[in-house]
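Read the structure below first, then the notes.
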Amino acid sequence: MSMDKTFDAASAEARIAAAWEAADAFAAGANAKPGAPAFSVVIPPPNVTGSLHIGHALNNTLQDILVRWHRMQGHNTLWQPGQDHAGIATQMVVERRMAERREPGRREIGREAFLQKVWAWKQESGGTIMGQLKRLGASLDWSRNAFTMSGAPGAPVGEDGNFHDAVIRVFVDMYHKGLIYRGKRLVNWDPHFETAISDLEVENREVPGHMWHFKYPLAGGETYEYVERDADGNVTLRETRDYISIATTRPETMLGDGAVAVHPDDARYAPIVGKLCEIPVGPKEHRRLIPIITDEYPDPAFGSGAVKITGAHDFNDYAVAQRNGIPLYALMDTKGAMRSDGLSYEESATLAGQIARGEREAGDVSQINLVPEDLRGLDRYEARERVVADITAERLAVTYLHKSIDKETGAEHLELRPLVDAKPIMQPFGDRSGVVIEPMLTDQWFVDTPKIVQPAIDAVRDGRTRIMPEQHEKVYFHWLENIEPWTISRQLWWGHQIPVWYGPNFEFSDEMPDEDLVKEFCAANRTDVEELALNYYSRSDGIERRVEFSDELPNRRAFGLRNDAPGKQTIILYRDPDVLDTWFSSGLWPIGTLGWPEDTPELRRYFPTDTLVTGFDIIFFWVARMMMMQLAVVDEVPFRNVYVHGLVRDEKGAKMSKSKGNVIDPLDLIDQFGADPLRFTLTSMAAMGRDPKLGPKHVEANRNFVTKIWNATRFAEMNGVFAAASAGQPQPAHTVNRWIMGETARARLALDEALAAYRFNDAAQGMYAFVWGKLCDWYVEFAKPLFDGEHADETRATMAWVIEQAITMLHPIMPFVTEEIWALTGNRAKMLVHGDWPAYGAELIDEAADRQMNWVIGLIEGVRSARAQMGVPAAAKLDLIVAQADDAARAALAANGPLVERLARVNPARDGEAGRGMIAVAAPGASFALPIGDVIDAAAETARLEKALAKTEKDAAGLRGRLSNPKFAQNADPEVIEETRAKLAELDEDAARTKGALEQLRSL
RNA sequence: GGGUGAUUAGCUCAGUGGUAGAGCGCUUCGUUCACAUCGAAGAUGUCAGCGGUUCAAAUCCGUUAUCACCCA
């Protein structure tokens, strides 16, 4: 057998991955020792439409390290894979595909047929990311692959999991506990997908916008004195006004204004609070009047200090409207166009006027449509232009005087222009659709999060779940402590349909608002619903009633009842057409993937899970919701640790984005360098609380690390190291071998400590320093002269062991190359993926060997440095004259002579005197001289030594100053004082030797 | 506006109180059979500024500046 010069990642990775899979190496409980503790991790389920990006690569590398580490320790390990069904994204992908194929649209083919197409798509293309994770080396238990829509009605064979049952069961339970309710509230509405979305699916971005300033005339031509003052109270403006000035970025919503609000302390508007003003849009004859009210919300320093209140189209305004009993007039339809339904503008304006004057209770205002006929059906942006144009034409825009000079006549020209500020404004965008989100007043289902939030807060406060790094706990608490109800209904087809059926309300009255005319029945299936319904509809009125299900949404005022014959009625129930937010199902991921609501062995063994590894961007989306849901449903935390990693950025620290074109595809990096270097790079950058900045350079550097350890193994193999090796831990006699075993133990201790603390970067960098800096740079070099001597056997055994230990410890980070080396270097009973994690520690550290080898390394470095600085040709072999040496130094030299000779390129040491033509090298307890011939440049040697002396003396002076400070002696740790003394003594000795060498140089 | 974090070598970053490190890059040298995807040697720092606590501060506290992210 002989090894190639480099590790061929491309061919080896596929082969090794196949071998792992064939051996079921990643199955739950694989390699578990009897009675071993469990270790379980659930993957943050990637989106079924997704493909692997660099963030997934980081996230899954870190999880894989933890999982492989525990599995090798013999723990009963499960890493649970799966995907979520991504309601909006998937529906979008499938609809787009249907359009590309010129197939009839979703509404034409109907819900059931559409869902079949989604399932077909899922089975065909939904597994992309899972295959990509395999390329990364992720050791997930693929046999347990889960899906948040598994087991839903219509799911094809092979998709028959339990997840649907779990989701429905939770909804029904929470409904009956009063934790889920239906209501009309302002929600984020995506006009593109025509569905509600949660606030977390909204991205607020600053975009260029405009601020218009308009005059709302006071009712009946009233006037008031408007006074503005500066900070000192001096009047800066005083004028009589017959209007109040309003600033807005959304003029089209003026049509739905219910009031104008000013701050209660704002003296400028005090004279007109409580009066009515006129909205300056719409047909002149039906101008609406709205009240001027006070509320804490307006900021007197912002704009004019007066704010128009459009409760149905702005979240802040909604709150003001709620506080002050201002009606909410909806202006738009589901596509974000101006409404065309409901009453005529004239009727609507009349009713609204009566409400504003207090002549009429607001009540249900849903039929009131305050969009003038000429604007109905227009897109919201067209409507905006029209409104602005109309107001400007009517001279009700606030204006400023624009001065220009006619170039030809030189005449000064004054003109009033409308005041429009171009300025950046924050706008909400749908994170999937990219269109501007419209706050909309709609009927939706909500989780009453304030009712279930406390256990999730407590669990982190009392440490049952730990979030790392700690700073993210603050984010978690802050969000949960200010939590809003969670909108969980979506106006989509792909998802878990809400298990609520509607029938007629038998307690209705004519005054009831529409939504109370229905009776809700919530149950997991039709049988249960039928029972609930029959229970409700059985009256002692002698009429026999049966229940029928329908998908048709009946007319609300006459629905749900059919008289079949005298004394016989059929109640028609229809199901809520909406589906649940994908995150509602993902929130149940830990229990759902383990088989809940069944009481499965997996649930008992692996729940609660150990560690959740995730990005900070989904702390709210996911971590907080899983905490709330699991605690609400099974009264247990879903995981004990949450490790939050950073966001992978490009080399310059910029966020990766398609539009910037700086996206790094992990699969490209794997193709180019291999999965191991990518994994190692991401790991070494995963410092707690920092964002890794990744460039191909880094990956290349770590590919070289793979090559390095590969070649160290190749060297060992060429020297018969593995042929001779016997299994087990060697007990060598030679200092070099004893030393490297101690270094191996140190590496093991540091690695386990780092991994236990989730300090992935320390784990990777520690192994890098050990393998390259200790094993390759020194041990392999030291071993070369030993392969022929009396210590040849033990050196081979030690090298075999050290390499085996190194690849074992590196396996969690770099599974492929280590598995390959494992197979090439021995007849193994099992694969390295199931290798035994080492447990040795400090007992392998031989302090004497340590001291001796560090002395040897120091001497070799001293000689090399002196040679290089004095320009001695690299090939020249010098004599090594021992001018002076203590016993320890002599012993070290005697034991390691051949090593020093080889690595420092010197002849065997001999005693002698330093003299002409020699350069000086000092080591602890010894002085050496190296004759380099008569051509020595005395000036250069003097300069070299003086430079070294200056540094030593400077360091020594610092230490001396510290030691001579009485307060230091008084306050510092005795250990620290002792260390400082020892260090100073060493420096003094070093300085003395160098001085001696300098004197000698001068005297010659 | 509020919150959080960052600021350390040319670059990317480690460094939780004892006098500063790594990788990459750079300079010089090197075909001795593990590796040129390598080796040896070398240069490079007001640890953002200011103030404080301490025997001792990159590290703790305050403050300023700049940048980034999150939330309004």
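Hydrogens, waters and symmetry mates are skipped; everything else that's a heavy atom, side chains included, is used. Here is the naming used below: chain letters follow the sequence lines, and residue numbers restart at 1 for every chain. The model shown is predicted, which means the values in this text are computed figures rather than measured ones.
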Under-4.0 Å side-chain N/O to phosphate OP1/OP2 contact, [X] with [N]:
X	N	answer
A:Ser865	B:G42	yes
A:Asn704	B:U37	no
A:Lys947	B:A43	yes
A:Arg759	B:G15	yes
A:Lys784	B:C33	no
A:Trp479	B:A72	no

Any side-chain heavy atom of A:Ile309 within less than 4.5 Å of one from A:Tyr318?
no
Hey, does A:Leu824 have a side-chain heavy atom less than 4.5 Å from the side chain of A:Met3?
yes
Go through A:Asp8 and A:Ser11 one step at a time and tell me if the side-chain hydrogen bond (donor to acceptor under 3.5 Å, both in side chains) criterion holds.
CA-CA 6 Å; A:Asp8 179 7; A:Ser11 72; 2.9 Å; yes
What's the [atom1]-[atom2] distance between [X] and [N], to the nearest Å?
X	N	atom1	atom2	answer
A:Phe770	B:A22	CZ	C1'	18 Å
A:Gln765	B:G21	CD	P	16 Å
A:Glu901	B:U32	CD	C1'	16 Å
A:Glu700	B:U12	CD	P	18 Å
A:Tyr768	B:A14	OH	C1'	14 Å
A:Leu694	B:U12	CG	P	14 Å
A:Asn971	B:G17	CG	C1'	13 Å

Any N or O donor-acceptor pair under 3.5 Å from the base of B:C35 to the side chain of A:Lys5?
no
Is a donor-acceptor pair below 3.5 Å formed from side chain A:Glu781 to base B:A34, judging by atom type as modelled?
yes
Nearest to the side chain of [X], which nucleotide is it out of [options]?
X	options	answer
A:Lys697	B:A34, B:C24, B:C55	B:C24
A:Ala972	B:C35, B:A72, B:G18	B:G18
A:Lys983	B:A14, B:C55, B:U19	B:U19
A:Cys776	B:A34, B:A14, B:A41	B:A34
A:Lys967	B:C55, B:A14, B:A34	B:C55
A:Ala874	B:C55, B:A72, B:G30	B:G30
A:Asn965	B:A34, B:C55, B:A14	B:C55
A:Thr6	B:A34, B:U37, B:G39	B:U37
A:Phe968	B:G18, B:A40, B:C35	B:G18
A:Gln869	B:G42, B:U19, B:A72	B:G42

Roughly how many Å apart are [M] and [N], using the [atom1] atom of each and rounding to a whole number?
N	M	atom1	answer
B:G18	B:U31	P	45 Å
B:U12	B:G52	P	33 Å
B:U28	B:U64	C1'	44 Å
B:A48	B:A65	C1'	8 Å
B:G30	B:C69	C1'	49 Å
B:G49	B:U7	C1'	11 Å
B:A6	B:C47	C1'	14 Å
B:C24	B:C33	C1'	30 Å

Quick one: do the A:Asn59 and A:His645 side chains pair a donor with an acceptor below 3.5 Å?
yes
Side-chain H-bond candidate by donor/acceptor type, A:Lys308 with A:Thr253, under 3.5 Å:
yes
Under 4.0 Å, counting only non-hydrogen atoms across every strand here, what does [X] touch: a base, just sugar-phosphate, or nothing?
X	result
A:Arg962	base
A:Arg703	base
A:Ala687	sugar-phosphate

What orientation do A:Phe705 and A:Trp772 show, parallel under 30°, tilted 30 to 60°, or perpendicular over 60°?
parallel
Which class fits the ring pair A:Tyr758 and A:Phe760: parallel under 30°, tilted 30 to 60°, perpendicular over 60°?
perpendicular
Watson-Crick and G-U pairing of RNA chain B, under 3.5 Å, as dot-bracket with | and [ ]
((((((((.[[[[.)..(..]]]].(((((.......))))).....[[[[[..)....]]]]]))))))).
Here's a test of your reading of the structure: between A:Arg905 and A:Lys474, which maps to the more 5' nucleotide of RNA chain B?
A:Lys474
Judged by nearest nucleotide, the residue sitting upstream toward the 5' end of RNA chain B, A:Asn719 or A:Ile860, is A:Asn719
Please test A:Met814 against A:Arg679 for side-chain contact (heavy atoms from CB on, under 4.5 Å), starting from the C-alpha separation and ending with a verdict.
CA-CA 7 Å; A:Met814 304 204 295; A:Arg679 291 170 58 114; 5.6 Å; no
Would you kindly check if the NZ (Lys) or CZ (Arg) of A:Lys708 is within the cone defined by 45 degrees around the ring axis of A:Tyr768 and under 6.0 Å from the six-membered ring centre?
no
With respect to A:Pro666, which candidate in A:Leu682, A:Thr61, A:Leu694, A:Leu678 satisfies the side-chain contact (heavy atoms from CB on, under 4.5 Å) definition?
A:Leu678
Other residues, nucleotides and ligands only: do more than 12 of their heavy atoms fall within 6.0 Å of CD on A:Glu753?
no
